[in-house]
Undergrad: 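The structure that follows is given in the form of structure tokens.
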Amino acid sequence: MSSFRKNFQLSYAQLPALAPGGEASSNGPMTSLSHGRAVVIGLLAAGSALAAGHLVAGFGDPRTSPPVAVGGAFIDLVPPGVKEFAVAVFGTADKLALIVGMALVIAALGALAGLVSRRSVLPGALVIGAFGLVGVVAALSRPEGGVAPALVSMIVGVGVFAVLHHLGRGPAAPSAEIERRRFLATSGLVVVGAGLAGITGSSLSKGSGVATSQRAVAARLPKVPAPPIPAGADFVADGTPSFITPNSGFYRIDTALVVPQLRAEDWRLRLHGMVDRELDLSFTDLINRRLESRTITLACVSNEVGGNLISTANFVGVPVRDLLLEAGVRPGAQQLLTTSTDGYSAGTPVDVLLEPDRGALLAFEMNGEPLPARHGFPVRMVVPGLYGYVSATKWLVDAEVTTFDRPAYWQQRGWSQQGPIKTQSRIDRPQRAAQIPAGPVTVAGIAWAQHTGIDAVQVRVDGGPWQSAELATEVGRDTWRMWRATLELPTGDHVVQCRAIDRDGVPQIEARQGVVPDGATGLHETTFRCA
Ligand SMILES: Nc1nc2c(c(=O)[nH]1)N[C@H]1C(S)=C(S)[C@@H](COP(=O)(O)O)O[C@H]1N2
Ligand SMILES: [Mo]
């Protein structure tokens, strides 16, 4: 029998001798814990459980780290409304909010485990064990599998709790001082050990080879010239974004709590389902095919009117149409169901992908670099004119031609099957609640109607007549278009609204609608003050 088990049993066996409600005292061995000590013990047990699981996950798949697996399961299980709410409140910081929330819950559970265990080790050990079990169940439910980290977490959590609990109740120490030092020293060791385990786990996870793989890909990127961006394509000096969004500033939306790590060398894609010939491609096969370079403005269906979930980049990749034609799509096929390595999926209408001039790509290059890990390395899909949720699968590993009765991730949660991007416009300057001098005021922003193009943007002040804005040089119909207008404004509060009109002469929808189920509509407006 290990000494740990012996200690555990010893402390437990002495329980009946306890005086009820007794506080920790130095001379009576095995009395009850002070509240402070109980909380410290619970927190340390929870902390070392997480650190140990994280360490084990670092040797394998970082996504099996217990809080990551639990967070991932949580994201997939919550009702869609909650996720909507989280994105609305926290925006792209929704993941950070979830992590902070989980840290608070874990700390509270740790403290609770200590507090219910002031006399006997059992209740707290059960709380920690149950909590560990949640981790195991979450790990089992994840596509990446791997329960070892969660099991180790549970065992270490319960073990550390039992050991500290035993020491914390002052077993047979010659004096209060010695007892106190022994407890502090052990707690200190636990903190250092957990810290080291956590840091080692994190650095192991980072070294999973994706950075190396990206460097190798960068060295053999085929040279496909990007379409030139004409001068005057943006009005940065007037407050619009730059025409091309740098990769570091490109908006990010996905359900992955930890960025999936997939090496180009390990990547394979099977195109199968309702096709005449299945295709099975390696990364090398992919980049050796006919390639296209396209500048595309990607937008998220969760973008509120005036929101910033929209960005533009130049992508290089293989035309999806080429692959579908080579595979031979069978009659009756409706969607291409693309799946990512973390189990996310999107369904893209096959007829859209087969349009000769659609320009859908399996992209591996973004603004001259291999795809950043956050944006889907090594391969993702991009389809001009469709919201990301129905088209832009990142960390792509499978593509199945099928029918619409196989709902993809967001369709299972009530979002629309078809996701064409709605014509929209946004005011970037003046900023909301700005104070600016009266007189000539330049209003500037962006407008988009991907795959149709923007024909005009109009602005209106304080409900007056619509006036034409000046458009920046057009780059293409698949990208946003910047606009500006200089207005003569007297002192006082003003409301400016903007409205985009697409290449077919159709103005954007003015009626307000939220983002569910197929994208927001309504006019963006900004209120500011001229002095
Ligand atoms: N694997 C995966 N791909 C995904 C998603 C996801 O959650 N997981 N989200 C989609 C959504 S909703 C959008 S808007 C785009 C965003 O791409 P970006 O993060 O590169 O801007 O990715 C799409 N591809
Ligand atoms: Mo999205």
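All values reported here derive from a predicted model rather than from experimental measurement. Just so you know, residue 1 is the first one in the sequence shown, and it goes up from there. In listed order, ligands and their atoms are each counted from 1.
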Undergrad: Polar pairs, ligand 1 vs protein, N/O only, below 3.5 Å.
TA:
| from | atom 1 | to | atom 2 | distance (Å) |
| --- | --- | --- | --- | --- |
| ligand 1 | 1 (N) | Ser340 | OG | 3.1 |
| ligand 1 | 1 (N) | Lys394 | O | 3.2 |
| ligand 1 | 3 (N) | Lys394 | N | 3.0 |
| ligand 1 | 7 (O) | Thr255 | N | 2.9 |
| ligand 1 | 9 (N) | Ile253 | O | 3.4 |
| ligand 1 | 17 (O) | Arg380 | NH2 | 3.0 |
| ligand 1 | 19 (O) | Ile253 | N | 3.0 |
| ligand 1 | 19 (O) | Lys394 | NZ | 2.5 |
| ligand 1 | 20 (O) | His375 | ND1 | 2.7 |
| ligand 1 | 20 (O) | Arg380 | NH1 | 2.7 |
| ligand 1 | 20 (O) | Arg380 | NH2 | 3.4 |
| ligand 1 | 21 (O) | Tyr251 | O | 2.6 |
| ligand 1 | 24 (N) | Ala392 | O | 2.9 |

Undergrad: Using a strict threshold of under 4.0 Å (side-chain N to carboxylate O), is an ion pair present between Arg321 and Glu292?
TA: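 Arg321 and Glu292: not salt-bridged.
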
Undergrad: Give a yes or no on whether a salt bridge exists between Asp76 and Arg142, defined as a side-chain N under 4.0 angstrom from a carboxylate O.
TA: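 Result for this pair is yes, salt bridge flagged.
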
Undergrad: Salt bridge check: are Asp455 and Arg503 linked by an N-O gap of less than 4.0 Å?
TA: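 A salt bridge is present here (some side-chain N lies under 4.0 Å from a carboxylate O).
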
Undergrad: With a 4.5 Å limit on heavy-atom distance, are the side chains of Ser302 and Tyr387 in contact?
TA: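 No, too far: nothing below the 4.5 Å cut-off.
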
Undergrad: Pick from Asp234, Asp238, Asp428: which one makes a salt bridge (charged side-chain N to carboxylate O under 4.0 Å, His left out) with Arg484?
TA: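 Of the listed options, the one satisfying the test is Asp238.
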
Undergrad: I'd like to know if Glu400 and Arg406 make a salt bridge, using a cut-off of under 4.0 Å between side-chain N and carboxylate O.
TA: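 Arg406 and Glu400: salt-bridged.
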
